[in-house]
Amino acid sequence: MPVQSLAELVRFARLNSPFYQELYSHLPDQVTELTDLPVVPQAEFWRANSPRENRLLTAPLQEAVVFRSGGTTGSPKFSCYTRTEWREFTAAFGAGLVNAGLRPGHRVADLFYAGDLYASFTFILDSLHRSPVANVRLPLGGATPWESTAATLEEFRVEVVAGTPTTLCALAERLTAAGRTLPDVELLFFGGECLFGDQLPLLGKAFPNAEARSLGYASVDAGLLGEAVPGGDPRVHRAFVPHTAVEILDDEDAPVEDTGVPGRLVVTDLRRRLMPVLRYPAGDRAEWVDRDAGVFRILGRAEEGVRVGPVSLYTEDVHDIVRGADTADEITGLQLVIRRQDGRDGLVLRLATGEPTDRHGALGAAVAAAVLAQRPAYTGAADAGHVNPLTVEWARHQDLAVNSRSGKLVRVVDERPHS
């Protein structure tokens, strides 16, 4: 299906989707600019997109592939693509894999997760299939026992391993614990979550000749978001023009035009018609690197942070502080854990390393001191009795909490009772 003009897509959505008909009821008949449209209110969007009595789709659900997503609001959501839309989605992403580093003849192991309507395994496999360069695809999945995965990677001398950072790190930890490495691997293609600098030393031990790169930026609900841009920063991506239009908006929903100014990422898909995506919040914060070229840097999940009493912290900021304090590269993972004790909330830094020992006590103290030095408001709140003091606990990477369905690392763990 060719790219549609915005005016035609809006007209089609208003005519066939009760949700968009209501959302755009106050607009003039002809709309030609994205900024003339309201940003999609996500709660209403997903309520309208229920499996039964659907008010979002533009046609009955008679021919489509359906996937489940956590969405950006927490609970599972369902996204639908016609076979044409899915083919074009994966073909465009597959072309972007060349920018990520895919080369003719590469042997690629797909370690993403499958089943339970989860999209990533199928999405990556289909994108590799439709990539313009020849490649050998090994659909291993993310739930295969690590010994079997490692044996297949060795047997086929796999050069590219694709998976979430959590899956890649879990495999790397198992390999290093067993005293094994996989020197044939050239690329670690990650997606689905951010890769943090504190994970690179662990990956380097298990895959000594591999470079970690983003395979691209997409989500099952928002669709195409950005193709990888070669260079040193894996957070930098380029919008999939002309398939989609990407915007970065400030707190007042006004477009951000200046470089380096954070805002929330909003996407419009100019090909998708069954489930229109028009000014849809992707759920991430970003900043422009080159607005004219559509190049932006992902800054982390828009909602991925913690509020402990009166103090707010973003996970990415805490990662940067921890990485700076860990001069020996001993920390391989981090979770922010919120606990409630004695009537007050408190923050626990759960730090992962190969095998925690007593000697890590000094490092934990140094990390906590670094975080408090950069976030003195937390110390003030603790001194005032509003929150419990910051604490540190150690774990192995494989023991960190992950999403039971996707296998992705849970960056923020809320252990407070909610009943």
Side-chain angles (χ1 to χ4, degrees), residues 1-4 9 57 61 63-71 77-142 160-164 167 187-193 213-229 237-246 267-277 280 282 294 298 406-408:
M1 181 181 296
V3 171
Q4 304 159 84
L9 184 56
L57 300 184
L61 194 59
E63 196 293 304
V65 59
V66 179
F67 294 109
R68 187 197 308 264
S69 165
K77 311 296 187 296
F78 300 94
S79 294
C80 308
Y81 293 80
T82 67
R83 68 180 65 195
T84 299
E85 291 169 346
W86 184 254
R87 182 174 62 248
E88 293 178 346
F89 183 17
T90 53
F93 197 84
L97 291 176
V98 178
N99 281 336
L102 185 67
R103 296 291 176 264
H106 262 164
R107 300 181 180 196
V108 187
D110 182 353
L111 302 191
F112 282 93
Y113 279 77
D116 197 23
L117 302 185
Y118 200 64
S120 63
F121 177 83
T122 299
F123 175 65
I124 295 305
L125 199 63
D126 287 355
S127 296
L128 288 165
H129 172 71
R130 296 190 171 105
S131 175
V133 301
N135 59 84
V136 178
R137 298 168 293 285
L138 298 163
L140 284 167
V160 183
V161 182
T164 66
T167 297
L187 290 174
L188 297 172
F189 272 172
F190 69 88
E193 55 183 331
R213 293 188 186 179
S214 167
L215 50 69
Y217 177 34
S219 70
V220 67
D221 49 349
L224 291 169
L225 291 164
E227 61 180 337
V229 174
H237 295 78
R238 180 182 292 106
F240 278 96
V241 177
H243 304 79
T244 58
V246 168
V267 63
T268 296
D269 194 315
L270 296 171
R271 289 179 179 249
R272 206 163 159 192
R273 290 166 70 93
L274 176 61
M275 180 178 157
V277 172
Y280 177 86
I298 305 169
S406 69
K408 295 179 184 178

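The OG1 atom of T82 lies 11.0 Å from the CG atom of L61; values are rounded to the nearest 0.5 Å. To the nearest 0.5 Å, the span separating CG on N135 from CZ on R103 amounts to 12.5 Å. Rounding to the nearest 0.5 Å places CD1 of I124 at 11.0 Å from OG of S131.
Contact detail for P132 and A95: the closest heavy-atom pair is CD-CA, 3.6 Å. Shortest non-hydrogen contact noted between A222 and V277 is O-CG1, 4.1 Å. Listed here is the closest heavy atom pair of L128 and R137: CB-CD, 3.6 Å. Of all the heavy atoms in P139 and F121, the pair that sits closest is CB-CZ, 3.3 Å. Closest approach of H237 and G226 over heavy atoms only: CD2-O, 3.7 Å. Taking both residues in full, the closest heavy atoms of A64 and L274 are given as CB-CD2, 3.9 Å, listed atom of the first, atom of the second, then distance.
Ionic pairing of R68 and D116 is present here: one or more N-O contacts between side-chain nitrogen and carboxylate oxygen are shorter than 4.0 angstrom. A salt bridge does not link R271 with E85: none of the charged nitrogens is closer than 4.0 Å to a carboxylate oxygen.
Counting only heavy atoms from C-beta outward, the side chains of Q4 and L270 never approach each other to under 4.5 Å. Contact of the F123 side chain with the V220 side chain is not registered, since no non-hydrogen atoms from C-beta on lie closer than 4.5 Å.
Side chain of R213 to main chain of A100: a donor-acceptor pair is present (N/O by atom type, distance under 3.5 Å, no hydrogens or angles).
Each of V108, V136, L215 was compared with V160 under the side chain to side chain contact (heavy atoms under 4.5 Å, CB included) criterion, and only V108 meets it.
Using a 30° and 60° split on the angle between ring planes, Y81 and W86 fall in the perpendicular class, above 60°.
D269 and Y280 form no side-chain donor-acceptor contact under 3.5 Å, judged by distance and modelled atom types alone.
Aromatic ring centroids of F112 and Y118 lie 6.0 Å or more apart.
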